[in-house]
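Below: the structure, in structure tokens.
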Amino acid sequence: MWSGRRLFPLLLLALLPGLCHGREPVPGAVTCGSVLKLLNTRHSVRLHSHEVKYGSGSGQQSVTGVEASDDANSYWRIRGKSDSSCQRGTPVKCGQAIRLTHVNTGKNLHTHHFPSPLSNNQEVSAFGDDGEGDDLDFWIVQCSGTYWEREDAVRFKHVGTEVFLSITGEQYGHPIRGQREVHGMPAANHHNYWKAMEGVFIKPSLDPAKHDEL
């Protein structure tokens, strides 16, 4: 009969190959292909877009922050700079460049050198068609570990203009009364921390051909 003392080393040896070669999944990581809402931790509003265009600046689709947690226009899909660079179910690394595609309109989170309407920071818009825009759609995920963990507050730094995705509290009037201005700021501060919230997260998998929703 096997004793617990003799069985434990054998179990450890069986686990070691996967641990040593980094083949274990990362259960708490945000993964490519996941659809989620992003909460600004300072102002408690979720990143949002809708078919309302800015009346100034670029005239592109507006991006705002909303308090409601159940608004379907607050879902964003995590994608890479190209589809091959962020395969479905792959954990997103800290320092990786991604695209955030608005699920309901197919436009990408975007910024450029236009002033934002309320604070005169840098305008953030939603741009492109069916998930395809341009090089100003790329954002670097800034976090402290190896991967973007769902429990962590992270920053998004724009690749092209080096601003941080931010909210400072300015509120719109008609036709989007009460929604907050989202903009780009040049400095990292407490206004540009975001946390993954509600959504469909694709499980990391040892087999890249097999992925499940949590």
Side-chain angles (χ1 to χ4, degrees), residues 25-50 62-81 86 88-105 107-111 116 119 121-122 124-126 137-159 162-171 178-204 211 213-214:
V26 186
V30 174
T31 53
C32 299
S34 293
V35 173
L36 50 76
K37 295 181 180 180
L38 290 167
L39 178 75
N40 183 279
T41 60
R42 174 69 175 181
H43 298 278
S44 296
V45 292
R46 286 161 174 79
L47 188 69
H48 180 90
S49 191
H50 39 222
S62 59
V63 173
T64 63
V66 297
E67 293 182 353
S69 62
D70 58 352
D71 195 314
N73 271 321
S74 299
Y75 283 113
W76 301 82
R77 186 181 302 279
I78 307 298
R79 303 169 64 212
K81 291 181 70 174
C86 195
R88 190 171 183 265
T90 304
V92 177
K93 294 181 179 180
C94 296
Q96 182 173 341
I98 63 167
R99 287 176 289 178
L100 291 163
T101 302
H102 188 242
V103 171
N104 281 355
T105 63
K107 296 183 183 297
N108 295 327
L109 189 71
H110 181 94
T111 190
S116 59
S119 66
N121 285 299
Q122 186 165 298
V124 171
S125 65
D137 299 341
F138 303 144
W139 300 81
I140 294 171
V141 180
Q142 289 196 340
C143 43
S144 58
T146 302
Y147 297 103
W148 175 8
E149 301 281 349
R150 273 182 265 162
E151 295 300 315
D152 292 343
V154 304
R155 290 189 174 103
F156 299 101
K157 185 175 183 179
H158 191 243
V159 173
E162 299 188 339
V163 296
F164 293 90
L165 184 68
S166 305
I167 291 179
T168 50
E170 293 82 4
Q171 294 190 22
Q179 296 187 22
R180 310 294 178 88
E181 182 186 80
V182 173
H183 50 248
M185 299 184 72
N189 55 46
H190 53 275
H191 295 295
N192 37 58
Y193 275 118
W194 301 84
K195 186 176 179 181
M197 298 298 288
E198 305 84 2
V200 178
F201 295 87
I202 309 302
K203 284 185 179 180
H211 300 291
E213 289 76 19
L214 292 179

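Every heavy atom of this structure was used, including side-chain atoms; hydrogens, water molecules and symmetry mates were not.
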Pairs satisfying salt bridge (Lys or Arg N to Asp or Glu O under 4.0 Å), at least one member in residues 69-80, at least two apart: Arg79-Asp83, Arg79-Glu132

Applying ring pair (Phe, Tyr, Trp, His ring centres under 6.0 Å), can you list everything that pairs with His48, at least two apart in sequence or on another chain? His50

Less than 6.0 Å separating the ring centroids of Trp194 and Phe164? no

Any donor-acceptor pair under 3.5 Å linking the side-chain atoms of Arg155 with those of Asn192? yes

First locate atom SG of Cys32, then atom CD1 of Ile202, and finally report the distance between them rounded to the nearest 0.5 Å. 10.5 Å

Other residues, nucleotides, ligands: >12 heavy atoms within 6.0 Å of Tyr193 OH: no

Of Val66, Leu36, Thr64, Leu47, which is the lone residue that meets side-chain contact (heavy atoms from CB on, under 4.5 Å) with Ser74? Val66

With a 4.5 Å limit on heavy-atom distance, are the side chains of Arg99 and Cys86 in contact? no

Heavy atoms only: give me the nearest Val163-Trp139 pair and the separation to one decimal. O-CZ3, 4.2 Å

Find out whether Arg180 and His43 are in side-chain contact, i.e. whether some heavy atom of one side chain is under 4.5 Å from a heavy atom of the other. yes

Does Glu67 CD have over 12 foreign heavy atoms under 6.0 Å away? no

Within a strict 4.5 Å, meaning less than it, do heavy atoms of the Ser69 and Arg46 side chains meet? yes

Distance-only, no hydrogens or angles: does the His191 side chain make a donor-acceptor pair with backbone N or O of Ile167 under 3.5 Å? yes

Is the shortest side-chain heavy-atom distance between Phe201 and Val35 below 4.5 Å? no

Taking C-beta and beyond as the side chain, do Ile78 and Leu100 meet within less than 4.5 Å on heavy atoms? yes

Approximate separation, where rounding is to 0.5 Å, of Leu109 CG and Ser49 OG: 8.5 Å

Run the side-chain contact (heavy atoms from CB on, under 4.5 Å) test on Tyr75 and Asn104 for me, step by step, so that the C-alpha distance in whole Å, both residues' side-chain angles and the decisive distance to 0.1 Å come before the verdict. CA-CA 8 Å; Tyr75 283 113; Asn104 281 355; over 6 Å; no

Which heavy atom of Lys157 sits nearest a heavy atom of Gln142, and at what distance? CD-NE2, 3.5 Å

Which pairs count as side-chain hydrogen bond (donor to acceptor under 3.5 Å, both in side chains) when at least one residue sits in residues 26-42, sequence neighbours excluded? Thr31-Ser34

Quick check: His110 with His158 (ring centres under 6.0 Å apart)? no

Quick one: are Cys94 and Val141 in side-chain contact, heavy atoms under 4.5 Å? no

Is any side-chain heavy atom of Val63 closer than 4.5 Å to one of His102? no

First locate atom CD1 of Ile98, then atom CD1 of Ile140, and finally report the distance between them rounded to the nearest 0.5 Å. 10.5 Å

Test log, rule side-chain contact (heavy atoms from CB on, under 4.5 Å), inputs Leu39 and Val45: CA-CA 6 Å; Leu39 178 75; Val45 292; 5.7 Å; no

Go through the side-chain N and O atoms of Ser116 and Asn121 and say whether any donor and acceptor fall under 3.5 Å apart. no

Give, for atom OG1 of Thr101 and atom CH2 of Trp76, the distance between the pair rounded to the nearest 0.5 Å. 8.5 Å

Note, Phe156 side chain near Leu38 side chain (heavy atom, < 4.5 Å): yes

Under a plain distance cut-off of 3.5 Å, with no hydrogens placed, do Ser119 and Glu181 share a side-chain donor-acceptor pair? yes

